[in-house]
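So the structure is just underneath, and the comments pick up after that.
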2 protein chains.
Amino acid sequence: MAVSRDQIIVAAIQHLNHDPAASIADIAEAAGVSRATLHRHFTSREDLLLVLNHRALDLWKDAQVKAGVEEAVRSGEPAVITTALSEMLSGLIDAAEEYSFVLTDLGMSVPELRERSDELEGRELALYQAAQRAGVLRADLPVRWISNTVYGLLLAVRESLNRGDVARRDLPRVLHETFFRGAGERGTQSGAGERGPGSGGGPQSAGSA
Amino acid sequence: MAVSRDQIIVAAIQHLNHDPAASIADIAEAAGVSRATLHRHFTSREDLLLVLNHRALDLWKDAQVKAGVEEAVRSGEPAVITTALSEMLSGLIDAAEEYSFVLTDLGMSVPELRERSDELEGRELALYQAAQRAGVLRADLPVRWISNTVYGLLLAVRESLNRGDVARRDLPRVLHETFFRGAGERGTQSGAGERGPGSGGGPQSAGSA
DNA sequence: ATCATTTGAGACATTTATGTCGCAAATGAT
DNA sequence: ATCATTTGCGACATAAATGTCTCAAATGAT
């Protein structure tokens, strides 16, 4: 039974999500084709990863479009912006789930991917800026920090899914709550802000499978 | 001029933070020694990475000790717990800065590292549980989600440092504020919670340098 | 049944990284 | 100055992954 290029792509994504360091031989086996056939579809491992990364960027763009990010920026309406933010976050969960390995794939530094990624992030930054102006997001946090925070929270999503820490259906709620309100009890002062001494790296849960 | 084992370690960390995929040859050059000399200190690349990962775990443990995590858990006092949380977060920034590549190093799945990491995370989980009981952290978020969130925020710290998105001195404040209060404007309802359609992966800024 | 197309198998070549080794050179100690 | 120790160099070996190629086998179309 012939396997289509798209089926190979789907299998490759799923396998790389499970084992980001998987070899071409591993991927071919997971896709149910031989290495020679994989090479007939993709000229190299690098070529395959380029295709996968572009697909992830496509989904990121789709999420922004479907959430109406640009319309929300133009409207400036708090309610519209809030909805756009929420929908974008929820859309990003799906993308994080489907393309989880891409979140930390070093191949993203390739210029053509870098450019697309920067452009998409630029749109998010515009949304965060509009949200700050509209009083939806607090204005005392740099928008680039907020963007990096969203990225970090997507990795939290990925970890939670991989380790079964959080039920899939709970993820939208906990992500939204954490992003908008944080983990602190409502009304609690934020942490004392005193810096601890040079100290321990964060959880080394990355890559756990 | 002879280079000590510790100097090699420091140079290796700095170089790997810059280029996580650096080869043994790259690391030797960065350390100012030959490959043969590097091999006299470390039996293999795997051995070197094991040493570096243990060092990162040492710092994570130090951060917990210095922040008085266990004492805070025992005391149950909201103020003590809040201070412990804050100090731990600040300590983790330093660790994230010094050992940033470890956050996404796949080598952490080695059993001996896995065990230490799980133990350290267990202590953090105990702190988050105590914090929820004391009313410092909201109780409606799973503690494992909170732990993953801290990990994700450390990656946000890493990205912000690598890209110069946030001034180093502002990181403790923005991390604390985001962790305890989120990015939403105070009093704003959290996002609508409606899931967007299957959509775009988060910023592919990982690995950007 | 026959022909055309696609695929798998596996041999082979290439590339890159790692690991080992011997010895001259450099460095350090006396 | 001499001796001991350490290091760098580079050749060599090993390993793993990737890429290429040929051809028989499998599959699909007629």
Side-chain angles (χ1 to χ4, degrees), chain A residues 1-55 101-102 104-113 207 209, chain B residues 1-56 101-102 104-113 206-207 209:
Chain A
M1 186 70 69
V3 176
S4 72
R5 185 172 187 273
D6 274 355
Q7 284 172 302
I8 291 175
I9 286 175
V10 169
I13 291 165
Q14 287 170 346
H15 194 72
L16 285 165
N17 285 345
H18 176 75
D19 177 10
S23 66
I24 279 285
D26 293 333
I27 294 170
E29 183 175 6
V33 296
S34 72
R35 286 203 303 114
T37 297
L38 190 55
H39 269 285
R40 289 187 183 107
H41 288 284
F42 304 96
T43 55
S44 61
R45 178 192 169 89
E46 184 181 347
D47 183 41
L48 171 61
L49 289 178
L50 196 65
V51 169
L52 302 186
N53 275 283
H54 269 298
R55 291 239 174 164
F101 84 94
V102 164
T104 48
D105 186 50
L106 298 176
M108 186 53 75
S109 57
V110 166
E112 72 183 86
L113 296 172
Chain B
M1 187 72 67
V3 177
S4 70
R5 186 172 186 272
D6 273 356
Q7 285 173 301
I8 291 174
I9 285 174
V10 168
I13 290 167
Q14 287 170 343
H15 195 73
L16 286 165
N17 284 344
H18 176 76
D19 176 11
S23 66
I24 279 285
D26 294 333
I27 294 169
E29 184 175 6
V33 296
S34 72
R35 286 203 304 114
T37 299
L38 190 56
H39 270 287
R40 289 185 183 104
H41 288 285
F42 304 96
T43 55
S44 63
R45 178 193 169 88
E46 183 180 348
D47 183 40
L48 172 61
L49 289 177
L50 197 64
V51 169
L52 301 185
N53 276 283
H54 270 299
R55 291 236 173 166
F101 84 95
V102 164
T104 46
D105 185 51
L106 298 177
M108 187 52 76
S109 58
V110 167
E112 73 184 87
L113 296 172

## Note on the structure
Per-residue pairing states of DNA chain D in dot-bracket (Watson-Crick or G-U under 3.5 Å; . unpaired, | other strand) read ||||||||||||||||||||||||||||||
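- Remark: A/Ile8 CD1 to A/Leu48 CG distance equals 9.0 Å, nearest 0.5 Å.
- As a whole-Å value, the separation of B/Glu29 CD from C/dA17 C1' is 15 Å.
- Between B/Leu16 and B/Phe101, the shortest heavy-atom distance links the atoms O-CB, 3.4 Å.
- For the side-chain contact (heavy atoms from CB on, under 4.5 Å) with A/Phe42, the qualifying choice from A/Leu52, A/Val51, A/Ile27 is A/Val51, the only one to do so.
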### Message
Between A/Arg35 and A/Asp26, does the salt bridge (Lys or Arg N to Asp or Glu O under 4.0 Å) criterion hold? Intermediate values first, please.
### Response
CA-CA 9 Å; A/Arg35 286 203 303 114; A/Asp26 293 333; over 6 Å; no
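- Contact between the side-chain N/O atoms of B/Ser34 and the OP1/OP2 oxygens of D/dG8 is found at a separation under 4.0 Å.
- Every residue was checked against the side-chain hydrogen bond (donor to acceptor under 3.5 Å, both in side chains) condition with B/Asp19, not counting sequence neighbours, and none meets it.
- Closest approach of A/Ala30 and A/Ala11 over heavy atoms only: O-CB, 4.0 Å.
- Separation of atoms CG (A/Leu50) and CD (A/Glu112) is listed at 4.5 Å; rounding is to 0.5 Å.
- In this structure, a donor-acceptor pair under 3.5 Å is absent between the side chains of A/Glu29 and A/His15.
- The CZ-P distance, from A/Phe42 to D/dT20, rounds to 15 Å in whole Å.
- The CD1 atom of B/Ile8 sits 11 Å away from the C1' atom of D/dT7 (whole-angstrom rounding).
- Atom P of nucleotide C/dA17 and atom CG of B/Leu49 are separated by 15 Å, given to the nearest angstrom.
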### Query
Once each nucleotide of nucleotides 18-23 of chain C is scored for protein heavy atoms under 4.0 Å, what B/S/- sequence comes out, 5' to 3'?
SBBBB-
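- Distance CG (A/Leu38) to C1' (C/dG10): 16 Å, rounded to an integer number of Å.
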